[in-house]
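Reviewing the structure listed below.
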Amino acid sequence: MLYVGIDVAKNKHDVTVIDNTGKMVLKPITITNRKQGFELLHNTLKQLNQNCLIAMEDTGHYALNLLTFLHQKNYQIYTYNPLLIKEFTKSLSLRKTKTDKKDARTIALKLLSDPNRALFMHDNRQEELKIMTRHMNRLKKHQSDWKVQYTKCLDIIFPELHQVVTKHSDYVYELLKCFPSPEKMVTAGFNKLIEIKRLTAKHALDILKLAPDSIGTTSFARELELIEIIENIQHYEKLIKQAEKKIDELMAELNSVITTVPGISNRLGSVILSEIRNINTFNNPAQLQAFAGLEPAIYQSGQLDTRGKMVKRGSSHLRWALIQAAIKVARYSPAFKVYFRTKLAQGKHYNVAISHVAKKLIRVLFHLLQNNEASEEDKLR
């Protein structure tokens, strides 16, 4: 058996191959991040006439094309969090030297010496999940930006409309696309308004009562802007639903225990899973808490020893999802609800109490994911 370490970079990748004793079996090579480079790596490994296990750092998108190529060639691939490689490097030497070729050899040695390497086998589904959750986040941000513009535009054209209808609703969007000003609504009349799907007779009458006295001002340009803003909102809504469907499919394949915790749906569960990636990267819940940026800042100087606000380093996506999940479990899980109320009874601010719930949730999730164990309410207390 041979062990291959690959140090990934943007334009090239350094490769080291070692045997069971840790001895290099060929001179380190550098391949380009191109098809020719990938083929060179494959042909070189084939000529060695031995089974090869391949490891690399989980460092983002630069490795994705190489990972796909190696999977297609049926190699067993393992990915390590860079923090694990950094810790392993310290155990090898106290000298502070770093080169890409040495990094590749370190990764190969980590794979060779790791008795738990099976826990770090690369899973394409986790990669897909992270892509989709990050994509979903961007889609929602873009849609939110358009909704801000929609509110601004509507406040100019028909500022009173929100008094009688929910302005962010499908039937209001369709109403405004058909009749993008109070004057056009009045001209259309009751019979035309109630042809809008889900727009009730009461809504139509209320709108026609407000429209004639509206202080709104309009023009052809403003009406066109409003219509196109609504079309953009609806376009992003369609894209978000498609992304949600794909996430649901991936979550069904992964069948993770994370959604057995009351209050954690596929939406939040998918973000938490995709950001953690591999729970075995963390030795204890404290490390996971630090990765999420939910640990308090500590300041010690002389006799002063204080703890400040959360450091908010690490994955902002994971931190957001854990806080949102904490709010949900504090509502839907009896055990977490009791814990949350206890913190409030101690005089803690709502946000501080929720942060305590989030930290408890991290401890619970760490245990469930490491043991692949479904949540049981009596064990959450």
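This structure is a prediction, so every number in the text was calculated from the model and none was measured.
Although no hydrogens or angles enter the test, the distance criterion places no donor-acceptor pair under 3.5 Å between the side chain of Ser214 and the main chain of Leu210. With hydrogens and angles ignored, the 3.5 Å screen pairs no side-chain donor or acceptor of Glu244 with any backbone N or O of Met136.
Within the structure, salt bridge (charged side-chain N to carboxylate O under 4.0 Å, His left out) pairs that include any residue of residues 336-356 do not occur (at least two apart or interchain). Residue pairs satisfying the side chain to side chain donor-acceptor pair (under 3.5 Å) criterion with at least one member in residues 254-281, sequence neighbours excluded, are listed as follows: Asp58-Arg277, Glu127-Arg277, Thr133-Ser274, Arg134-Glu275, Asp248-Asn266, Asp248-Arg267, Glu275-Ser315, Asn278-Asn280.
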Q. Checking side chain to side chain contact (heavy atoms under 4.5 Å, CB included) for the pair Ile279/His367: CA distance, chi angles, key distance, verdict?
A. CA-CA 10 Å; Ile279 193 64; His367 174 79; over 6 Å; no
Q: Decide ring-ring contact (aromatic ring centres under 6.0 Å, His included) for Phe366 and Phe282; before the verdict, give the C-alpha distance in whole Å, the side-chain angles of both, and the deciding distance to 0.1 Å.
A: CA-CA 9 Å; Phe366 181 85; Phe282 308 98; 7.6 Å; no
**Q.** Chi angles and distances behind the side chain to side chain contact (heavy atoms under 4.5 Å, CB included) call for Ile107, Ile85
**A.** CA-CA 7 Å; Ile107 294 169; Ile85 299 300; 4.2 Å; yes
Q. Taking it one step at a time, do Lys209 and Leu205 satisfy side chain to side chain contact (heavy atoms under 4.5 Å, CB included)?
A. CA-CA 6 Å; Lys209 184 178 179 181; Leu205 291 171; over 6 Å; no
Q.
Between Arg198 and His203, is the side chain to side chain contact (heavy atoms under 4.5 Å, CB included) condition met? List the steps.
A. CA-CA 10 Å; Arg198 295 193 188 89; His203 284 146; over 6 Å; no
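Relative ring orientation between Tyr75 and His42 is described as perpendicular, the plane-to-plane angle rising above 60° on a 0-90° scale split at 30° and 60°. Note: His168 and Tyr173 have perpendicular aromatic rings, judged against thresholds of 30 and 60 degrees for the angle between ring planes.
The side-chain tip of Lys167 does not point at the ring of Tyr150 from less than 6.0 angstrom away and within 45° of straight on. Taking the centre and axis of the six-membered ring of Phe179, the NZ or CZ atom of Lys192 falls outside the cone set by 45° and 6.0 Å.
The NZ atom of Lys12 sits 11.0 Å away from atom CG of Asn33, with the distance rounded to the nearest 0.5 Å. Here the straight-line distance linking atom CD of Gln143 with atom CD of Gln234 works out to 10.0 Å at 0.5 Å rounding. Here CG of Leu322 is found 7.0 Å from CG of Leu288. Values are rounded to the nearest 0.5 Å. To the nearest 0.5 Å, atoms CD1 (Ile157) and NZ (Lys184) are separated by 9.5 Å. Rounding to the nearest 0.5 Å gives a distance of 9.0 Å between OG of Ser375 and CG of Leu365. Taking CG of Leu368 as the start and CD of Gln370 as the end, the distance is 10.5 Å to the nearest 0.5 Å.
No path of Ile, Leu, Val, Met, Phe, Trp and Tyr side chains, each step under 4.5 Å between heavy atoms, connects Val352 with Ile362, placing them in separate hydrophobic clusters. Hydrophobic clustering keeps Tyr78 apart from Leu67 (ILVMFWY residues linked when any side-chain heavy atoms are closer than 4.5 Å, directly or through intermediates). Linking Ile, Leu, Val, Met, Phe, Trp and Tyr whenever their side-chain heavy atoms come within less than 4.5 Å puts Phe158 and Trp146 in one cluster. No path of Ile, Leu, Val, Met, Phe, Trp and Tyr side chains, each step under 4.5 Å between heavy atoms, connects Leu48 with Leu53, placing them in separate hydrophobic clusters. Residues Leu66 and Phe120 are members of separate hydrophobic clusters, defined by side-chain heavy-atom contacts under 4.5 angstrom among Ile, Leu, Val, Met, Phe, Trp and Tyr.
For the pair Asn20 and Tyr3, the minimum side-chain heavy-atom distance is below 4.5 Å. Ile31 is not listed as a side-chain neighbour of Ile6, based on a closest heavy-atom distance of 4.5 Å or more. For the pair Arg138/Lys141, no side-chain contact is recorded, criterion being any heavy-atom separation below 4.5 Å from C-beta on. Between Val15 and Leu45 the shortest side-chain heavy-atom distance does not fall below 4.5 Å. By the 4.5 Å heavy-atom criterion applied to side chains, Ile156 and Thr217 are counted as neighbours. Put simply, the side chain of Gln242 does not reach to within 4.5 Å of the side chain of Lys245, judged on heavy atoms. Within the 4.5 Å cutoff, side-chain heavy atoms of Leu70 are placed close to those of Leu41. Between Met121 and Asp123 there is no side-chain heavy-atom pair separated by less than 4.5 Å.
The local environment of CZ in Arg34 is sparse, with at most 12 non-hydrogen atoms from other residues, nucleotides or ligands closer than 6.0 Å. Environment of NZ in Lys328: sparse, with no more than 12 heavy atoms of neighbouring residues, nucleotides or ligands closer than 6.0 Å. Applying the 6.0 Å contact sphere to CG of Asn51 captures no more than 12 heavy atoms from other residues, nucleotides or ligands.
For the pair Cys52 and Met1, the tightest heavy-atom approach, listed with the atom from each and the gap, is N-SD, 4.4 Å. In terms of heavy atoms, Leu112 sits closest to Thr21 at CD2-C, 4.4 Å. Taking all atoms of both residues into account, the shortest heavy-atom contact from Leu268 to Ala321 is CD2-O, 4.0 Å. Counting all heavy atoms, side chain and backbone alike, Ile207 lies closest to Val164 at CG1-CG2, 4.0 Å. For Gln126 against Leu273, the heavy-atom pair with the smallest separation is OE1-O, 3.7 Å. Between Val257 and Ala374, the shortest heavy-atom distance links the atoms CG1-N, 3.9 Å.
Residues Arg125 and Glu128 are not paired through a salt bridge, judged by the lack of any N-O separation under 4.0 Å between the basic side chain and the carboxylate.
Shown here are the ring-ring contact (aromatic ring centres under 6.0 Å, His included) partners of Tyr350, two or more places apart in sequence or in another chain: Phe340.
Under 3.5 Å, the side chains of Asp114 and Tyr80 contain a donor-acceptor pair of N or O atoms. No side-chain donor-acceptor contact under 3.5 Å links Glu228 and Gln149.
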